Amino acid sequence: MKKIKICAAAAALLVLLAVLTSCGKTDEVLYVYNWGEYLADGSYDTMDVLAGFEEYYEELTGRTMKVYLTTFDSNEDLYAKISGGTSRYDVIFPSDYMIDRLRNEELLLPVNIEEVCEEYGAECFYDHIGEDFRGLYYDPEDKYSVPYTYGRVGIIYNSTQVDEEDCTGWELLWNPKYAGKILQFNNSRDAFATAQYLLGYDLNTEDPAEWYACYEKLLEQKPLIQSYVMDEIYNKMESGEAAIGAYYAGDFFTMLQVNEDLRFFYPENTSIFVDSMCIPKGSQNPENAALFMNYLLSEEPAIECAEFIFYACPNDLVFENEDYQEDMGEEVMEVLYPEDLRFSAELNVNGMRNLSPETLEYIGRLWEDLKISGGLPTGVYITASVLALFIAGIIIYNVFLGRRRSKWY
Amino acid sequence: MKRGILQRAAAAPHVVWSALFIIAPLIFVLYYTFTGQDGSFSLDNITRLGKGNYLMIFVNSLCMALIATVICFVIAYPAAYIFSRMKKKSQKLCILLIMLPLWMNFLITTYSWMTILEDTGVINTLLGLVGLGPVHMINTPGAVITGMVFCFLPYMILPIYSVMAGIDPKLLEAAADLGCSPVQIFMKVVWPLSVGGVISGVTMVFVPSVSTFYISQKLGGGTFQLIGDTIESYFTGTAVNYHFGAALSLILMVLILISMAVMNRFGDDEQGGALI
């Protein structure tokens, strides 16, 4: 009996604890929906910008704040969540073409970062966004988005396995010399883009013939491909398992920290993107969201994030900061911030745009055909059919035997 | 005896649970399958299945899953038999060891298999030390089947073991006393009594194998596509189309139901109800 009492007391205590912790609720909450590993989070000696914002907010307004972070893997995942209409995020980080789509479908709220800062008496850092990143095609009046990072796709190769003179452009990904050592994007748009640049086509063409020509090019490449990857590229390039792969410039430096033999170059034409901060419809508190964006634009958090994710940052507090430049090193700065890059012009030519549903469906089908082509080795089919016949045989025999037996009884 | 209110109340959470998480999703799948992008009734999604390579994708997935299931069975059946004849203590230990991999997230297990099977991976490094050339294993159907077998083997062993452990040793003794040879004992006593466990094991391995997408993506290197990959691509890929994705899932479900019906038929004559 005593034991039961102790158990009951323990249970009551647990319940009490749970109630108490949930009582420690904050005045305000903010739901952030971002790419994975896209904010300095306190790991690897970085600062925790979410905790930093909570402090900053309390200082500014006197109210307590709790930030909840959720992550997504692709713009399409984000779109599915936002367009579903049941989610309630306050800050999201879509890429250019997805902002265009969300804005066209009226799924975004205006940001009004300057007015909100004035209202709360906070210093506004929006002016530090470079001129070149204003008025981009997806948001001509800068009403719905605040640029966060940008970057371009380039080719990463392992200098111990690849000859320097072969690194001339996209044709490196089709070089039979490196068969079985090449990685390709496991994402139809990015994979097709490599073929489009090779063939000199427009990235956003709606012409099925051009897409088909690219498909044939990718089909030709398939025997050379080791695997179609997204984030697995880190492991495969770092370990030397693969020698060549196209990926985003910022991610190259993350790999370089593990494997010093890796090198990187931009082919003559390559795709470019910008990820911006937006407020989706359904946000409960757009003002807090604007304050959060403003906080991420302020010097310390901005630099911490830029150093954490290694992507280029459109904020002059970051790229003009000497400590940041020193931390990054000359080589990295050259790759991330090429001098001749005119961002808005480049985005108009080499940025991915939304395509018509018909074209998207066509690409999807070509992508499936590409993946299924060649089929499995015949050994698999032979083994499987032998097994299937064997099992069918047992079943038939069993059913027959069962009947005969029941006749006897 | 009439069921009391209390008894009914006790069942209520289960009913609500199944309605919310089993029946409702099924209705959604049906709804999406038979509607077009604009929300009106259409059979386009079903007719589209006939075009393109979907038949091939289904055949590939079924072949891989079948091979994986048979390998699991071949490993699991003797293992379960041996376990069930052990001392109680060692039985518990062995079952614990079999269940151990299930405590780890299977995504992590699969990712580890990637580093084991790679050309520069664990196995090939060891082979290199003994002077044997690298054997190419990753990104082949063999690698994917290995992954399936490893991930789903416990689901085959456990049901077979639990049935085997329930067989009364006296039955075996009686059979031997009545003049059965060991082979006959197995065929006439052990096998018929364990067939229910085999059927539920086979189902529990075959169904996840046929619909997996993570294993084939990581260990197959994305160079070939199984039905799970295809369905996934319609929900998260570039050309998102819930309606067609739902149609593919529905067909997969129907296929699985058919194979389960066939399997049950197999068990019917031997032991009444299977354990599914």
Side-chain angles (χ1 to χ4, degrees), chain A residues 73-74 76-77 79-80 180-181 183-184 186-190 192 222 225-230 232 235-236 239-242 355 357 359-365 367-377 379-381 383-385 387-388 390-392 394-395 398-399 401-403 405-406, chain B residues 37 48 51-54 56-57 59-67 69-71 73 111 114-115 118-121 124 136 138-142 144-145 195 202 217-226 229-230 233-242 244 262-263 265-270:
Chain A
D73 295 329
S74 73
E76 283 68 27
D77 278 359
Y79 176 79
K181 286 281 179 188
L183 301 176
Q184 175 64 283
N186 195 12
N187 161 324
S188 52
R189 269 314 274 284
D190 282 315
F192 271 95
K222 196 181 174 189
I225 295 295
Q226 183 186 87
S227 39
Y228 293 87
V229 293
M230 288 312 284
E232 301 94 315
N235 267 341
K236 296 199 188 266
S239 69
E241 173 81 7
L355 300 172
T359 309
L360 283 178
E361 201 191 307
Y362 186 60
I363 300 170
R365 210 170 319 147
W367 183 245
E368 258 164 31
D369 288 350
L370 175 72
K371 285 296 190 69
I372 194 82
S373 73
L376 301 173
V380 174
Y381 297 122
T383 322
S385 26
L387 291 176
F390 184 68
I391 293 172
I394 294 180
I395 293 175
N398 207 57
V399 169
L401 198 78
R403 255 190 224 136
R405 204 188 291 153
S406 59
Chain B
Q37 296 271 42
R48 188 173 153 191
K51 298 175 213 155
N53 288 315
Y54 302 111
M56 203 61 207
I57 296 177
V59 170
N60 287 353
S61 307
L62 289 173
C63 286
M64 301 278 269
L66 180 68
I67 295 176
T69 311
V70 171
I71 294 176
F73 170 72
Y111 220 89
M114 210 163 94
T115 49
E118 272 175 349
D119 290 349
T120 53
N124 276 319
H136 182 68
I138 192 84
N139 302 344
T140 58
V144 177
I145 291 172
V195 97
V202 164
Q217 258 167 32
K218 299 299 155 192
L219 300 179
T223 45
F224 50 85
Q225 197 160 7
L226 299 185
D229 303 306
T230 317
S233 76
Y234 279 99
F235 285 93
T236 63
T238 321
V240 175
N241 186 344
Y242 283 16
F244 188 61
V262 171
M263 285 306 294
R265 170 90 224 154
F266 182 31
D268 267 353
D269 299 306
E270 300 289 358

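What you see is a predicted model, and the numbers here were worked out from it, not measured in a lab. Only heavy atoms go into these numbers, but all of them, side chains included; no hydrogens, no water, no symmetry mates. Chain A is the first sequence line, chain B the second, and so forth, proteins listed ahead of strands; every chain is numbered from 1.
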Test item: [X] and [Y] side chains (from C-beta on) under 4.5 Å apart, heavy atoms:
| X | Y | answer |
| --- | --- | --- |
| Leu387(A) | Thr69(B) | no |
| Asn139(B) | Gln226(A) | yes |
| Val70(B) | Phe390(A) | no |
| Glu241(A) | Ile138(B) | yes |

What pair of heavy atoms forms the shortest contact from [X] to [Y], and how long is it?
| X | Y | answer |
| --- | --- | --- |
| Asp369(A) | Asn53(B) | OD1-ND2, 2.7 Å |
| Pro141(B) | Leu376(A) | CG-CD2, 4.2 Å |
| Tyr234(B) | Glu368(A) | OH-OE2, 2.8 Å |

**Report entry** Flag for Gln225(B)-Tyr228(A): side-chain donor and acceptor within less than 3.5 Å
**Finding:**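 Note: Tyr228(A) and Gln225(B) side chains miss the donor-acceptor criterion.
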
Using heavy-atom distances under 4.5 Å, tell me whether [X] contacts chain B through its side chain, its backbone, both, or neither.
| X | answer |
| --- | --- |
| Leu355(A) | neither |
| Ser239(A) | both |
| Ala388(A) | both |
| Asn235(A) | side chain |
| Val380(A) | both |

Requested in this report: Pick whichever of Thr140(B), Asp119(B), Asp229(B) has the most heavy-atom pairs under 4.5 Å with chain A.
Outcome: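 Looking at each of Thr140(B), Asp119(B), Asp229(B) in turn, Asp119(B) comes out on top.
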
Inter-residue atom distance [X].[atom1] - [Y].[atom2], 0.5 Å rounding:
| X | Y | atom1 | atom2 | answer |
| --- | --- | --- | --- | --- |
| Ile372(A) | Thr223(B) | CD1 | OG1 | 11.0 Å |
| Thr230(B) | Trp367(A) | OG1 | CH2 | 12.5 Å |
| Met114(B) | Lys236(A) | CE | NZ | 4.0 Å |
| Ser227(A) | Lys218(B) | OG | NZ | 10.0 Å |

**Report entry** Portion of Phe244(B) that has a non-hydrogen atom of chain A nearer than 4.5 angstrom
**Finding:**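 Contact with chain A: none, neither part.
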
